[in-house]
Amino acid sequence: MSEDKKALNFLEHIIEEDLANGLAKDKLRFRFPPEPNGYLHIGHTKAIGISFGLGERYNAPVNLRFDDTNPAKEEQEYVDAIKRDIEWLGYHWAEERYSSDYFQELYDWAVLMIKDGKAYVDSQSSEAMAEQKGTPTQPGVDGPFRNRTVEENLELFSKMKNGDFKDGEHILRAKIDMQHTNMLMRDPIMYRVLHKHHHRTANDWCIYPMYDWTHGESDYIEQISHSLCSLEFKPHRELYDWFKETVYSYAKDKYPMQPKQREFARLNLSYTIMSKRKLLKLVEEQIVTGWDDPRMPTISGLRRRGYTPNAIRNFVEKAGVAKRDNVIDVALLEFCVREDLNKTAPRVMAVLDPLKVVITNYPEDKVEWLEAENNQEDESAGFRKVPFSREIYIEKEDFKEEASSKFFRLQIGGEVRLKNAYIIKAESVVKDAEGNITEVHCTYSEDTEKRVKGTLHWVSIPHAIKAEVREYDRLFNDEAPDSHENKDFMEFINPDSLQIIEAFVEPSLKEAKAGDQFQFQRLGYFNVDNDTTNGHLVFNKTVGLRDSWAKQKPKPQQQKQAPKQTNHPQQGAKAINTINKLGKKYTNLPEEKQLKVRAEILELAKDVSYEELEPLFGTAVKKVGTRIAATLILSVKLDEGLERNPAINEFIEKALEDDNELLVQEASLLN
RNA sequence: UGGCCUAUGGUGUAACUGGCAACACGUCGGUUUUUGGUACCGAAGAGUCUAGGUUCGAGCCCUAGUGGGCCAACCA
């Protein structure tokens, strides 16, 4: 806990500082405040990981609080899904709360604010109010109802609460400053009239509080010490503090702690989108089968796809926390699942694209049950038996009639190992009328100790069971589909994001149950989908194995067109680069090392041409190290008989006038 | 015409009160291997957005600029 002091992120620094400044450790309290209007996605996992992670780190409570102030969009279904997802991720909340629990307390404070002249009822149309509000670059103006009397405000607000008005007729606004540079401070709305059934308070209320008012005060009521949210709420902080300080003056005895809001950049993942609204569109337009479609970046989608809580938590941890916009490479997510599944997933054999192999010297009705290790990464995983027979399937990709020496797999005349079984040698092929290979005839050898380059996975044809395999590709073809100004994210949808394959798997998989995870050897990680029924196995491909062979294949073509100008640096170019590097830090080095580096530069300078040196004369004044290096090179060149020219003289002169003693010293040696 | 945030290898994050820019992913080599996986070893790749300033010394502090983001819902 304390040994990784080095790697604190900026939020942890803030907390450490607060602790150092006297905040008691047992006052630390966090919260995760989702609005129950959609499913959680991988982006939320960052927020969850931050607040719950802090809770774990400091042994502080973390509340799960549903921010349920808008009955128009919120549903119990989402509450349930959110709880399920957080639990699945392995986090434990201290208390389950709802902003709606605080409606009465909030209302009472609002009344106090009216009495203090800090809130008023406005009765205009939303258009009129928007007009008065101004724009980010233009100040707003006061509306006609801004100076109603306290009595009038109290009466109207009470009638709003009692249901005497229709939706939209009146609102309650905080009275702050219509000319404020922060638009959120221009008399923000606190309550609107909404005759809607609420999933928790039913029909008790017909006014509902707005986010800024509710959220901050919910933090305050729960005595949250650090309220962490994403960057877009930064401008809200000013209002958060305004409300908080106002209410603090009413309730400081009951609630002594004033929460502190801090903001971090939210997580973006390459090749996907993270907006709930846009994800909802994918669901509604049936681009995907639902919120838990394995292609979705939702927690439920990832879960169905076979991602593990461990992998997701590690991913968020590795992605880090800061305040700049970011797009994290999906490759990192994939790395994290592989890392986890590699240790835990039992290995099995499955063939996705079958090619029939007949082992001609193996007896026709013989069957052997061979022993296979379940997971060499996990000794406790044990062994199982797999059946071997005369006719097997291998992967089409694993056979070529002839191939280069780089191809380690089966080819005519070549030998290859069958995983957990024998070594076979390809003798001949059978082709159909179009010339496609339909069978490969091989002979086997019982000498399994032989060294062969390749090992193939396989399944025995008579014992294989059929299974449906769903192979997924990214949902979007663009790295950042919702970041284009004139293009809708829907334009980037990848039409081939789902491939359904009829595969053959080893018989041990017959009893596999939904959720079970496996490594299909040499292919990737797969899990059993919940569409699986008694006679019909369905697998999702979670992620492929790393495949350095696949990376090699496209190479021959690329090489032809792009000889890829290798910077085959000649001696000189290399020397100048090295000198540049050495020069960069020259002034910061301890003296002893400086002398060494100086000698090194002088030696390397012999291989530098004047043409390479001259551009360095223009080095920024600030980069003293580089200028010293240039001076050193120059001294060598002058010794070698280089003639002085105006550029050289000017450079030396400028160096002599510099404030840096080292530079002046070196330059004066040239005179 | 404004306000706020932000800028470090391809990507993401570090660098405690200024002191030889580090880690992870990715990339490229190599060793081991009954998975072209894993593990292990190694390499390339950043003059820290620009220009000034302060300092013996700046990624870090100051000033100005530039690029990117956010802010005008009775959403959260």
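To find a chain, count down the sequence lines: A is the first, B the second, and so on, and within it residues start at 1.
With sequence neighbours excluded, the residues forming a side-chain contact (heavy atoms from CB on, under 4.5 Å) with A/Glu17 are A/Asn21, listed by chain and number. Residues satisfying the side-chain contact (heavy atoms from CB on, under 4.5 Å) criterion with A/Asp18, sequence neighbours excluded, are A/Ile14, A/Leu23, A/His226, A/Lys260. Judged as a ring pair (Phe, Tyr, Trp, His ring centres under 6.0 Å), and not counting sequence neighbours, A/Phe399 has no contacts. In this structure, the side-chain contact (heavy atoms from CB on, under 4.5 Å) partners of A/Ala421, at least two apart in sequence or on a different chain, are A/Leu370, A/Phe388, A/Leu418, A/Trp458. Remark: A/Lys196 pairs with no residue by the salt bridge (Lys or Arg N to Asp or Glu O under 4.0 Å) rule, at least two apart or across chains. Applying the side-chain hydrogen bond (donor to acceptor under 3.5 Å, both in side chains) rule to A/Arg417 yields no partners; only residues at least two apart in sequence or on another chain are considered. With sequence neighbours excluded, no residue satisfies ring pair (Phe, Tyr, Trp, His ring centres under 6.0 Å) with A/Tyr525. By the side-chain contact (heavy atoms from CB on, under 4.5 Å) test, A/Met183 pairs with A/Lys133, A/Pro136, A/Arg186, sequence neighbours left out. Legend: residues meeting salt bridge (Lys or Arg N to Asp or Glu O under 4.0 Å) with A/Asp177, ordered by chain and number and at least two apart, are absent.
When atom types are taken as modelled, the side chain of A/Gln411 and the backbone of A/Ala403 share a donor-acceptor pair closer than 3.5 angstrom.
Contacts of A/Gln138 with the nucleic acid, taken as non-hydrogen atoms under 4.0 Å apart, include base atoms. Using a 4.0 Å heavy-atom cutoff across all strands shown, A/Val321 reaches sugar-phosphate atoms only and no base atom.
Nucleotides B/rA58 and B/rC49 are separated by 15 Å at their P atoms, to the nearest Å. Spacing between B/rA43 and B/rA22 at atom P, rounded to whole Å, works out to 12 Å. Between B/rC56 and B/rC20, the two C1' atoms lie 16 Å apart (nearest whole Å).
Defined by atom type and a distance below 3.5 Å, a donor-acceptor pair is missing between the side-chain atoms of A/Thr272 and A/Arg474.
Remark on RNA chain B: of its neighbouring residues A/Ala319 and A/Leu231, the 5'-side contact belongs to A/Leu231, judged by nearest-heavy-atom nucleotide.
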How does protein contact run along nucleotides 31-41 of chain B, one letter per nucleotide 5' to 3', with B for base contact, S for sugar-phosphate only, - for none, heavy atoms under 4.0 Å? ---BBBBB---
Return a single string for nucleotides 71-76 of chain B, one symbol per nucleotide in 5' to 3' order, where B is base contact, S is sugar-phosphate-only contact and - is none, cutoff 4.0 angstrom on heavy atoms. BB-BBB
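Helical stems in RNA chain B, defined as runs of 3 or more consecutive Watson-Crick or G-U wobble pairs with donor-acceptor distances under 3.5 Å: B:2-7 with B:66-71, B:10-13 with B:22-25, B:27-31 with B:39-43, B:49-53 with B:61-65.
Regarding contacts with the backbone of B/rC5, every side-chain N or O of A/Lys323 stays at 4.0 angstrom or more from both OP1 and OP2.
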